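In each ligand, atom 1 is the first atom listed, and ligand 1 is the first ligand listed. Worth knowing before you read on, the calculation uses all heavy atoms, side chains too, and leaves out hydrogens, waters and symmetry mates. These figures come from a predicted structure and were not determined experimentally.
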Amino acid sequence: MTTDFLYDLTDGIATLTLTADSGVPTLDAGFRAGLKSSVDRLYADRDAISGVIVTSAAKVFLAGADLTEFAASPPAAELFGMVSGIKADMRRLETFDRPVVAALNGTALGGGLELALACHHRIGVDRAGVEYGLPEVMLGLLPGGGGVTRVVRMLGIQEALMQVLLRGQRHSPARAVDAGIVDELAAPEDLLDAARAWIAANPGAAQPWDRPGYKIPGGTPSNPKLAMTLPAFPATLSKELKGAHYPAPRAIMAAAVEGSQVDFETAQRIETRYFVSLATGQIAKNMTGAFFFDLQAISSGASRPEAPRWKASKVAVLGAGMMGAGIAYACAKAGLPVILKDVSLEAATRGLDAVKKMARRKPEIAELVTPTGELADLAGCDLVIEAVFEDTALKQKLFAELEPIVAPDALLASNTSSLPITTLATAVQRQQDFVGLHFFSPVDKMMPVEIIRAAKTSDAALARAYDVVLQIRKTPIVVNDRRGFFTSRVFGAFVLEGMALLGEGVPAATIEQAALQAGYPVGPLAVTDEVTLTLPYKLRQETLAAAEAEGFDHPHHPGEQVLTRMVEEFGRKGRAAGGGFYDYPEDEQKTLWPGLSAFTGPGCAFGEIQERFLYAQVAETLRCVAEGVVEPGPDVNVGAILSIGFPAWTGGPLRYRDQVPGFDARAAELAEKYGERFRLP
Ligand code: NAI
């Protein structure tokens, strides 16, 4: 038991203060027992109490559910009982006939906010980094601690779904007030005074839904206006989810709509039932596995060698192009001063302009970035991230020149997407301090960073790289220095499968739709147009050349034929080059390029198309593991989801293989039918 409530009754104000041995209170067994006994004491002390404050002694107010409890797969009946118990005590708290205020001293997400929603008034704290919201949907769950029921009754069905429940927004304090889930903000030091003042001013406080004559804002589904808009909701949702396997948003919508037509207690029970059905299902396990447990393991250093913690203090970013500007922005956003170097001050300033665009809401970020055309300005930098043109000789020359200028122990990193780090490292004296730091485009949005360990990279340097990636609040994925690293290979397996299908005569629209409905965020042809066809085309040329020079086997992939024809025969090189699989008419939606009818063949069944995407990526992942490119740890599952859009509902390629009955046999069948790329190592 780690979470507890302290109970204090002074001058008529009962203060319930959350504490936790771990530093982060959760809705664990200690919380449940503490809530019950605290509420019991409130009722016992009722005559001496004029108001109640619920707050926390931790940095966060209260984190959500204790997900380790779900991970233990409790039977549905047990889960139902546990959730109902919390709800009953929260209900006793909100019907205590004295004003009850939540003084939200820090972040309150999920169950943390749900406790606050069971108070009559919520005062948030005006502090950077604090977040309020109900993000359960992102874990394949729904807010089962009264969150759906109360937010619907506070905001109305439509607002509740759109602003809070369906997308799981994490609101900043100011936005939480706009969204209506927090009532007012106070400075940290004024929080408790504000709570006392509210109690004094509102002696008759109660929840709106416990007052006579209460109606849900915007009405219930029997209201003609809502009855007109409501039927469009599932359709909009379907469109947004593209028919993919996400049961949580549907369950949330059902709990909201059904719950709005019954009394509060029944609504709570409906909510609990939907919650239990999600929490005991496979997809919530997959999503909490990846987005909670794996991410937690990564941020606590799962793939980090033992070494003292490190913090970069000044960064040199070389190359102020698309990637360099994004990297400079990401570093500055984390508070790191950046020297942004390009061939001239003018070129570097163009990069700074791009940073300013990304930082338009927080201009102070761009102030940390100094553009320059002079290498000498890199003096004192303890981290170098190089993002100049993809050219070995250029990169090597640059590193040789800058090594004596930057701090003598600076970490040296290249953002190359395909060149061997071990080769680049030979340009410097301190090869042990050289790593790959492979960011993804667009850098400001993409979370993962592949850390590539070269032949001579030391444990200490790898640990420093890991620390830096966490320092700029991204997700480190540790890989070894092999051709294609990890993510590019697994991404390649997806897009090449899409092209192979095209070559078999499957209509392009079917290919894209099958991928979307399988849960990929974007179709293989559309995403290839974005990264350009020239990129995989060039990579293949290089691999073929290397295969010949080094005498290794480069297995033929049928997608490569389509790629070659698109580039060589049709000159369709992607969106930036004017068009690829799609046409991009100005000011209009893109349309599939009619020339794709040149590809004909027998086609493939829809379900099998979807299988082929997933199986091809799992097989490539397992090859990466077998070849020692990656360790089969949390970063493999998370990296595949975050960087290349492996469907999130699966929890990642390794989890997916483990949970599909007969996966290996089916992979063998696909290998017989379509080729060795489906053969599991
Ligand atoms: P880019 O062409 O937009 O930018 C390259 C920049 O480097 C240009 O501004 C150029 O003036 C500058 N530059 C050239 N020589 C220089 C020198 N000697 N000193 C300083 N600056 C110099 O290229 P992009 O797309 O930003 O790519 C940069 C690197 O990042 C490449 O190695 C690429 O493989 C890698 N990368 C690219 C990704 C992408 O999606 N574009 C993704 C991940 C990595």
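In this structure, the protein non-hydrogen atom closest to atom 43 (C) of ligand 1 is F439 O, 3.2 Å. In terms of protein heavy-atom proximity, atom 26 (O) of ligand 1 is nearest to M323 N, 2.8 Å. Protein heavy atom nearest atom 19 (N) of ligand 1, with residue, atom name and distance: K341 NZ, 3.6 Å. For atom 40 (O) of ligand 1, the closest heavy atom belonging to the protein is S441 CB, 3.4 Å. For atom 8 (C) of ligand 1, the closest non-hydrogen atom on the protein side is D342 OD2, 3.5 Å. At the shortest separation from atom 33 (C) of ligand 1 among protein heavy atoms lies E390 OE1, 3.6 Å. The nearest heavy-atom contact from the protein to atom 4 (O) of ligand 1 is G321 CA, 3.2 Å. Counting only heavy atoms of the protein, atom 2 (O) of ligand 1 lies nearest to F389 CE2, 3.4 Å.
Proximity to K395 (heavy-atom distance under 4.0 Å) selects the following atoms of ligand 1: 31 (C), 32 (O). In the vicinity of H438, heavy-atom distances shorter than 4.0 Å reach the ligand 1 atoms 43 (C), 44 (C). Remark: ligand 1 atoms within the under-4.0 Å shell around heavy atoms of L394 are 15 (N), 18 (N). Close contacts between ligand 1 and V343 involve ligand atoms 15 (N), 16 (C), 17 (C), 20 (C), 21 (N), 22 (C) [criterion: under 4.0 Å to a heavy atom].
Figure legend: cation-pi geometry between R565 and F599, with NZ or CZ positioned under 6.0 Å from the six-membered ring centre and within 45° of its axis.
Across every non-hydrogen atom of A616 and A493, the tightest pair is O-CB, 3.8 Å. Listed here is the closest heavy atom pair of G652 and I641: N-CD1, 3.5 Å.
Within the 4.0 Å cut-off (strictly below), no protein heavy atom is located near atom 23 (O) of ligand 1.
The closest approach between A347 and ligand 1 stays at or above 4.0 Å for every heavy atom of the residue. Not a single heavy atom of R350 sits under 4.0 Å from any atom of ligand 1.
Proximity of P448 to V638: side-chain heavy atoms (C-beta onward) are nowhere separated by under 4.5 Å. Here the side chains of Q396 and L424 are in contact, with some heavy-atom distance below 4.5 Å.
Under 4.0 angstrom from ligand 1, there are no non-hydrogen atoms of F440.
Residues T416 and S414 have side chains that never bring a donor and an acceptor to within less than 3.5 angstrom of each other. Checking Y582 against E512 by side-chain atom types alone, a donor-acceptor pair falls below 3.5 Å.
A salt bridge does not link K314 with D382: none of the charged nitrogens is closer than 4.0 Å to a carboxylate oxygen.
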Please report the C-alpha distance between W310 and Y466 in whole Å, then the side-chain angles of each, then the deciding distance to 0.1 Å, and finally whether the ring pair (Phe, Tyr, Trp, His ring centres under 6.0 Å) criterion is met.
CA-CA 9 Å; W310 186 66; Y466 203 99; over 10 Å; no

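Relative orientation of the F646 and Y520 rings is perpendicular, given thresholds of 30° and 60° on the angle between their planes.
Residues F678 and Y615 keep their aromatic ring centres 6.0 Å or farther apart.
An N or O contact shorter than 3.5 Å links M322 to ligand 1 by distance.
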